[in-house]
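Contents: one structure, followed by commentary.
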Amino acid sequence: MPEGGCHCGAVRFTVDPGSAPELIECNCSMCAKVGYLHLIVPAAAFALLHGEAMLTDYRFGTGAARHRFCSICGVKSFYVPRSHPDGISVNARCLDAPLDAPVRTFDGRNWEQARATL
C-alpha cells in the first residue's frame, strides 16, 4: 500500500487507493489555498502509522469537515471531509510516490450545488 505523510515526517500513514482511484481538484477557499489534491477512500482503507498526538484540528463553516494539520510543519496530509464523513480524504501530493490516476475538477466554491457530483 502507498505510504505518505506530512513534510517533517511526524505524521505518517498508509492508504489503499483501490483498483481505479480518482483524484479530485477542488477550488473551495481551503483547497485552493493549500493546493490539496483529494484521494477519497473509505476509513477502513486508511491507517495512521504514527503522529496522532502531533495533529491539530481545524473546523470552519458548518464544522462538518475535520481538517487535520501537523502541529510541527503545518501540512494537511489527510482529513475527514464533509462530503464523506465516514471516509478519509488523503492529499495525493503527500504520498511518497505519485499516484497514476485521472484528476477531475470539483466546484467547491459552489459546494451545495456541486456536492451531488462527488
Side-chain angles (χ1 to χ4, degrees):
M1 283 199 292
E3 288 192 22
C6 66
H7 185 261
C8 71
V11 176
R12 296 289 300 163
F13 62 84
T14 62
V15 64
D16 180 355
S19 60
E22 175 185 64
L23 304 177
I24 301 169
E25 187 167 34
C26 176
N27 67 355
C28 78
S29 62
M30 175 64 80
C31 295
K33 288 185 183 288
V34 300
Y36 206 92
L37 186 59
H38 298 264
L39 169 63
I40 300 173
V41 299
F46 176 87
L48 183 61
L49 299 174
H50 63 83
E52 177 68 36
M54 303 313 301
L55 293 168
T56 298
D57 284 9
Y58 173 66
R59 294 179 189 235
F60 68 96
T62 66
R66 185 178 180 196
H67 300 272
R68 308 199 74 201
F69 296 86
C70 173
S71 62
I72 297 172
C73 67
V75 169
K76 179 172 82 168
S77 53
F78 71 93
Y79 79 108
V80 179
R82 177 180 174 191
S83 61
H84 296 77
D86 295 328
I88 300 290
S89 177
V90 169
N91 185 348
R93 293 186 169 111
C94 289
L95 294 173
D96 294 343
L99 187 62
D100 185 21
V103 178
R104 74 174 170 98
T105 59
F106 175 73
D107 186 13
R109 290 185 184 176
N110 298 295
W111 199 89
E112 292 298 332
Q113 295 82 8
R115 72 179 175 173
T117 66
L118 285 175

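Keep in mind it's a predicted model, so treat the numbers as computed, not measured.
Looking at heavy atoms from C-beta onward, Tyr36 lies out of side-chain contact with Ile24 at the 4.5 angstrom threshold. Put simply, the side chain of Val41 does not reach to within 4.5 Å of the side chain of Asp16, judged on heavy atoms. Between Phe106 and His38 the shortest side-chain heavy-atom distance does not fall below 4.5 Å. Looking only at side-chain heavy atoms (C-beta outward), Arg59 and Arg82 stay at 4.5 Å or farther from each other. Contact check for Val34 versus Arg93: no side-chain heavy atoms found under the 4.5 Å cut-off. Side-chain contact between Thr117 and Asp107 is absent, with no heavy-atom pair separated by less than 4.5 Å. Counting only heavy atoms from C-beta outward, the side chains of Leu118 and His84 approach each other to under 4.5 Å. For the pair Val11 and Leu48, the minimum side-chain heavy-atom distance is below 4.5 Å.
Minimum heavy-atom separation, Asn91 to Leu37: OD1-N, 3.2 Å. A pairwise comparison of heavy atoms in Thr56 and Ser71 identifies OG1-CB, 3.4 Å as the closest pair. Across every non-hydrogen atom of Phe60 and Ser29, the tightest pair is CE1-OG, 4.3 Å. The shortest non-hydrogen separation linking Gly108 to Asn27 is N-OD1, 2.7 Å. Between Gly87 and Val80, the shortest heavy-atom contact is O-CG1, 3.8 Å. Scanning all heavy atoms of the two residues, the minimum distance from Pro21 to Pro102 falls at O-CD, 3.5 Å.
Separating the CZ atom in Arg12 from the SG atom in Cys6 is a distance of 8.5 Å, to the nearest 0.5 Å. Here the straight-line distance linking atom CD1 of Ile88 with atom CZ of Arg66 works out to 8.5 Å at 0.5 Å rounding. Rounding to the nearest 0.5 Å places CG of Leu55 at 7.0 Å from OG of Ser77. The structure places CZ of Arg68 at 13.5 Å from OG of Ser89, a figure rounded to the nearest 0.5 Å.
Atom CG of Asp100 is surrounded by 12 or fewer heavy atoms from other residues, nucleotides or ligands within 6.0 Å. With a 6.0 Å radius and a threshold of 12 heavy atoms from other residues, nucleotides or ligands, His7 has its NE2 atom at or below the threshold.
Note on Phe46: it does not cluster hydrophobically with Ile40, by side-chain heavy-atom contacts below 4.5 Å among ILVMFWY residues. Val103 and Val15 end up in the same hydrophobic cluster when Ile, Leu, Val, Met, Phe, Trp and Tyr side chains are linked at under 4.5 Å.
Of the possible donor and acceptor atoms, none in the side chain of Thr105 sits under 3.5 Å from a partner among the backbone N and O of Glu25.
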Full working for side chain to side chain contact (heavy atoms under 4.5 Å, CB included) between Trp111 and Cys26: CA-CA 10 Å; Trp111 199 89; Cys26 176; 5.8 Å; no

Just do the side chain to side chain contact (heavy atoms under 4.5 Å, CB included) check on Tyr58 and Lys76 with the steps written out, would you? CA-CA 10 Å; Tyr58 173 66; Lys76 179 172 82 168; over 6 Å; no

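Between Phe78 and Phe13, the ring planes lie perpendicular to each other; the angle is over 60°, past the 30° to 60° tilted range.
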